[in-house]
Amino acid sequence: MKILVIGSGAREHAIVNALLRDSTAHEIVVAPGNAGIHDVVETVSIDTTDGALIAEYASEQNIELVIVGPEAPLVAGVADELRKAGIPVFGPDKAAAQLEGSKDFAKEIMNAARVPTGRSVSATTMADVESALDEFGAPYVVKADGLAAGKGVLVTADRKAAHDHAAFFIHQGAVLIEEFLDGQEVSLFVLSDGDAVVPLSPAQDYKRVFDNDEGPNTGGMGAYSPLPWLPEGFVDEVIETVAQPTIREMSRRGIPFVGLLYCGLIVTPIGVRVIEFNARFGDPETQVVLERLESSLAELLLATATGRLASVAEPVFSDDVAVTVVLASEGYPESPVTGRPILGLADALAVPGISIAHAATARDGDSEGFVSTGGRVLTVIARGADFVDARRRVYLALDRITLEGSHFRTDIAERVAR
Ligand code: AMP
Ligand code: GLY
């Protein structure tokens, strides 16, 4: 199959690796990709938020499937242009991508579809913010309405910090004040062709930058899959109470959701609650979910894009487990220091069961080496018979990589490794 993947992160590198595991006969192009992706497939430099340009390129190149990785192109309407041009695309139209693009819209859909989620108030003035903070009490949960690259959400016991966060974002639109939900988080990816829904294997992401969930929220510092502690029937329950009602409500409104509904969930003592929806694969959860996928990713995503999801076999996952850890630059997430050489990647890859997905790397001049170009530099992925085994491998591999000032969490999947 001739496939165009849009995006430049570790998620897209993991998607490419999974497609190549399906079949080395796939012809894959990534726009714009990154230095690590460029080592395995062709990359092309295109403005990935310019839908018309991408549709023109995809037509010229006879692309049979476009997979959109990040949210920005979806919210910009790239999938709309591709559908208009008759090219199968995995990823929702602009209107449906509002499930991720606007937290306010997501709450409206959840309320209409009776999907369990935290109580919230959408505030447009600071007076409304103050009264909502009083109503819900500490810890405070304050969310910017639009896309904020993981930086829009603040969970804090500090009233002044909650106030300041709301005051910063209120100029850009509504601010959501939400009740605090306590429990383990679960990321469940659900494929939908607008009608049928098919879950992938659950994963858990670590959002805070430091061990023991300390420090600010990030885009994600590590993940593992599967989740052995989930109660029996959990995925079926989420499909029935969250995914199906949401997908039905979207169709009912004439904005069918075609692509991946990322259900960000909290398992609270009184039941599962949605904390957010995303309209795309999560990063770094994709790295562990796809590592365990045994079915053909290209077939699943093409069936999703072309309304045939009900007729494909359910995805099969390995009994092996997977753990991924993000290597971050000095100063991430506030002010990452970039441009530093990354050494030891070949030694890290020599550890059995290890793969590496690049995120923010570039070639170091004409040399064989890489330099860092952003905050989340790369993710190391380990596969193992159990979590003790996979953790040993992932950290052995990380110890072989040198990047001055870099840091990573040492407690990824610790809670399941016994
Ligand atoms: P979001 O971008 O909405 O996923 O929020 C980022 C992170 O903030 C989540 O992964 C949670 O760790 C935390 N968070 C968001 N909403 C809540 C909530 N209502 N209660 C507790 N933690 C939350
Ligand atoms: N790992 C969280 C996200 O992709 O939004």
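In each ligand, atom 1 is the first atom listed, and ligand 1 is the first ligand listed.
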Relative to the heavy atoms of [X], which atoms of ligand 1 are at a distance of less than 4.0 Å?
{"X": "I275", "answer": "3 (O), 9 (C), 10 (O), 11 (C), 16 (N), 17 (C)"}
{"X": "E178", "answer": "16 (N), 17 (C), 18 (C), 19 (N)"}
{"X": "N217", "answer": "7 (C), 8 (O)"}
{"X": "F180", "answer": "20 (N), 21 (C)"}
{"X": "V141", "answer": "16 (N), 17 (C), 18 (C), 19 (N), 20 (N)"}
{"X": "K143", "answer": "3 (O), 15 (C), 16 (N)"}

Which atoms of ligand 2 have any heavy atom of [X] under 4.0 Å away?
{"X": "D205", "value": "1 (N), 2 (C)"}
{"X": "N278", "value": "5 (O)"}
{"X": "K207", "value": "2 (C)"}

Residues R340, S329; criterion side-chain hydrogen bond (donor to acceptor under 3.5 Å, both in side chains); working and verdict:
CA-CA 9 Å; R340 289 181 171 161; S329 291; over 6 Å; no

Considering all heavy atoms of both residues, which atom of V380 and which atom of A397 are nearest to each other, and what is their separation?
CG1-CB, 3.9 Å

Assess whether side-chain hydrogen bond (donor to acceptor under 3.5 Å, both in side chains) is satisfied between S23 and H26, documenting all intermediate values.
CA-CA 6 Å; S23 160; H26 291 315; 4.6 Å; no

Ligand 1 contacted by R273 (non-hydrogen, < 4.0 Å):
no

Under-4.0 Å heavy-atom contact with ligand 1, by part of V153 that carries it
side chain

Taking [X] for the side chain and [Y] for the main chain, is one N or O donor matched with an acceptor at less than 3.5 Å?
{"X": "D80", "Y": "K94", "answer": "yes"}
{"X": "T324", "Y": "V288", "answer": "no"}
{"X": "N34", "Y": "S8", "answer": "yes"}

Could you give the distance from CD (E314) to CG (L300), rounded to the nearest 0.5 Å?
10.5 Å

Is it the case that ligand 1 has an N or O less than 3.5 angstrom from some N or O of I266?
no

Parallel, tilted or perpendicular: ring planes of F210 versus H407, cut at 30 and 60 degrees
tilted

Using the six-membered ring wherever Trp is involved, compare the ring planes of F189 and F281 and label them parallel, tilted or perpendicular (cut-offs 30° and 60°).
perpendicular

Please step through side-chain hydrogen bond (donor to acceptor under 3.5 Å, both in side chains) for the pair S318 and R383, ending with a clear verdict.
CA-CA 10 Å; S318 166; R383 197 188 169 99; 3.2 Å; yes

Run the contact test for G282 against ligand 2 with a 4.0 Å cut-off on heavy atoms, strictly below, and give the result.
yes

Tell me whether ligand 2 is touched by Y262 - counting only heavy atoms on the residue side and a distance under 4.0 Å.
yes

Heavy atom to atom 5 (O) of ligand 2, shortest distance: which of E185, R280, M221, E285 holds it?
R280

Could you work out, for atom 12 (O) of ligand 1, the closest of R208, E179, E185, K103 by heavy-atom distance?
E185

Check against side-chain hydrogen bond (donor to acceptor under 3.5 Å, both in side chains), D211 and T410
CA-CA 6 Å; D211 281 8; T410 67; 2.4 Å; yes

Min N/O separation G219 to ligand 2 under 3.5 Å
yes

